[in-house]
Every structure is written in structure tokens, then in C-alpha cells.
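Reminder, nothing fancy here: chain letters follow the sequence lines and each chain counts from 1.
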2 protein chains.
Amino acid sequence: MLKGTLDLLILRTIEIQPRHGLGVSDRIAQITGGTFVVKPGSLFPALHRLEQEGYIEGAWGESDQGRRAKVYRITAAGRKRLTTERRSWDRIVTAVGQVLDPA
Amino acid sequence: MLKGTLDLLILRTIEIQPRHGLGVSDRIAQITGGTFVVKPGSLFPALHRLEQEGYIEGAWGESDQGRRAKVYRITAAGRKRLTTERRSWDRIVTAVGQVLDPA
DNA sequence: TGTTCTATATAGATCACCTATGTCTGAACG
DNA sequence: CGTTCAGACATAGGTGATCTATATAGAACA
């Protein structure tokens, strides 16, 4: 996948609804129709980093299937970060568009 | 800048018009209003790689200021590559959009 | 009880990109 | 003429995010 977008995708996914780790990647794969597949080895380090930086919070709970799972939800700082990440993403999309199809 | 988009930007820039190395980065910086600034240390390795892979061709010529410069133009293979890169980019933008704003 | 599935976890490798620096050439200028 | 300066190209070395591969634990089930 595209480097630099993972935080954005994770933050937005758990902003919509708190989820456990693999639930986040399942949701991303599902909603993008398989375009983005975030594997555990990419997912968990990212979650740990985001938690350490205070953008998300994890607490042990249960998954949909009743299994023990760490459920993450977004923090106030995370919402703030998400806003700036979205802006940054929009800016990038615009800029690439300008190069691809100059006015 | 966003990793994975450099080839796309370079290929499209010299497809529109052949340019020498620094001319490419000048053009990208100018048209994106400074959002993307490709510095020589990123640019030249990318150009060499693209040339080695047959997507662009360089030939010694002159810059706008009459200096000795290596002018690159896109090859047939480069156009093909550009097409697939554009498709890939569109797909990514769509997928991120789906995560950010689910239907 | 041993196999499988869900779920979390981590080490190590990879690869693109960035920082910093170097080299070459020609022009301008004293 | 020598020196300096700027345009242009080049490369080494580092960084950081992501991927590959593997490991661990508990629950279910045969």
C-alpha cells in the first residue's frame, strides 16, 4: 500500500467506531474492496505507535466473536491529528492532480 | 512527500514535454505551488532508475539557460507504465476516500 | 489432547526517499 | 588569466515506514 496513509486510515476507522486490532484491518479491507490489505505485521506496530503518541487508547475487551481482544478508541488528540492528516491528504491529492492534468 | 508517487510525477512531467533533470523538479515545484519539492538527491537516483528500466531516455543537450544538461524524454514503455501508474493512483485515491467518507 | 482458529506481538529485512556532500563546466569579473 | 560563482549532475549514507516471517496465547472442537 501507499506509505504515509496508514495512520490516517486507522484513525478514521476507529473514529467511526471503536474496534479491536484485527477488526480495524478487516474493516479497511472490506470497505476498500480489498485495495488496502493491512497485515498484522504492519497493523500492530502502527497501533502501538499511535497509542504511545496518545492518539488512540486501547483497553482489553472482547471481539465480535467473543474473544479476548484489545479494543481501541480515538482520543481528543487523535481527532485533532486526524483533521490535520485529512488536510494533508487533500493537499497531496490536489497537487498530484495538478501534475497529472495541468489546467 | 508521499512515497510511491515520484515515478508517476516524473513520467507525466516529461511526457508533457521533455526536460532536463533539474527542469523536471522545477516544473513539479512550480505547478504544485511548492507542495512537492523534489530535491536533487531524490531526483537523480529516480531518473537513473527509470532510465535503466527503459521508461525514459536521456541525451546530452542544453538547458533553457544554454548550459550542458541531460534531457530526458519518455519512451513507449514509459507511456505504458504511466498508464498503469495513473490507474493505480486513481484506485488509491478512491480507496482512501471510501475509508474517510463511507457511503 | 492435539489441532485449528482468532488475536496480539515482535524481529528483521526492504525500499524509497532525504540529507549532506562532491564534482564538473562555463561564465563573469577583477 | 586566475578566481569565484552558479547551474547542473552525481552519489554515499542514513532514516523511517511498511512488509515478511515467525512466535505466543487462549478457546473451540474433534
Look at the side chain of [X] and decide which nucleotide, out of [options], has an atom nearest to it.
| X | options | answer |
| --- | --- | --- |
| B/Ser42 | D/dT11, C/dT10, C/dC17 | C/dC17 |
| B/Ser63 | D/dT18, D/dG7, C/dT8 | D/dG7 |
| B/Lys39 | C/dT8, D/dA17, C/dT19 | C/dT19 |
| B/Arg49 | C/dC17, C/dT8, D/dA8 | C/dC17 |
| A/His48 | C/dT10, D/dC9, C/dC18 | C/dT10 |
| A/Gln65 | D/dA8, C/dT8, C/dA7 | C/dA7 |
| B/Lys3 | C/dT6, D/dA10, C/dA16 | C/dA16 |

Please report, rounded to the nearest Å, how far the [atom2] atom of [N] is from the [atom1] atom of [X].
| X | N | atom1 | atom2 | value |
| --- | --- | --- | --- | --- |
| B/Arg67 | C/dT23 | CZ | P | 19 Å |
| A/Lys70 | D/dA25 | NZ | P | 15 Å |
| B/Leu43 | D/dG7 | CG | P | 16 Å |
| B/Met1 | C/dT19 | CE | P | 12 Å |
| B/Asp64 | D/dG7 | CG | C1' | 11 Å |
| A/Phe44 | D/dA21 | CZ | P | 18 Å |
| B/Asp26 | D/dA8 | CG | C1' | 11 Å |
| A/Tyr72 | C/dA7 | OH | C1' | 11 Å |

Touch class at under 4.0 angstrom, heavy-atom based, for [X] against every strand present:
| X | result |
| --- | --- |
| B/Gly4 | sugar-phosphate |
| B/Gly41 | base |
| A/Thr5 | sugar-phosphate |
| B/Leu47 | nothing |

**Complete:** Nearest-nucleotide check on DNA chain D, A/Leu6 vs B/His20; residue mapping nearer the 5' end is B/His20

**Request:** Map A/Val37 and A/Arg68 onto DNA chain D by nearest heavy atom, then report which one ends up closer to the 5' terminus.
**Result:** A/Val37

**Request:** Specify the closest pair of heavy atoms between A/Ser42 and A/Leu6, including all atoms of both residues, with the distance to one decimal.
**Result:** O-CD2, 3.9 Å

**Request:** Could you tell me whether A/Arg49 atom CZ has more than 12 heavy atoms of other residues or ligands within 6.0 Å of it?
**Result:** yes

Check: [Y] and [X] side chains under 4.5 Å, non-hydrogen atoms:
| X | Y | result |
| --- | --- | --- |
| A/Leu22 | A/Leu43 | yes |
| B/Arg12 | B/Arg86 | yes |
| B/Lys80 | B/Thr84 | no |

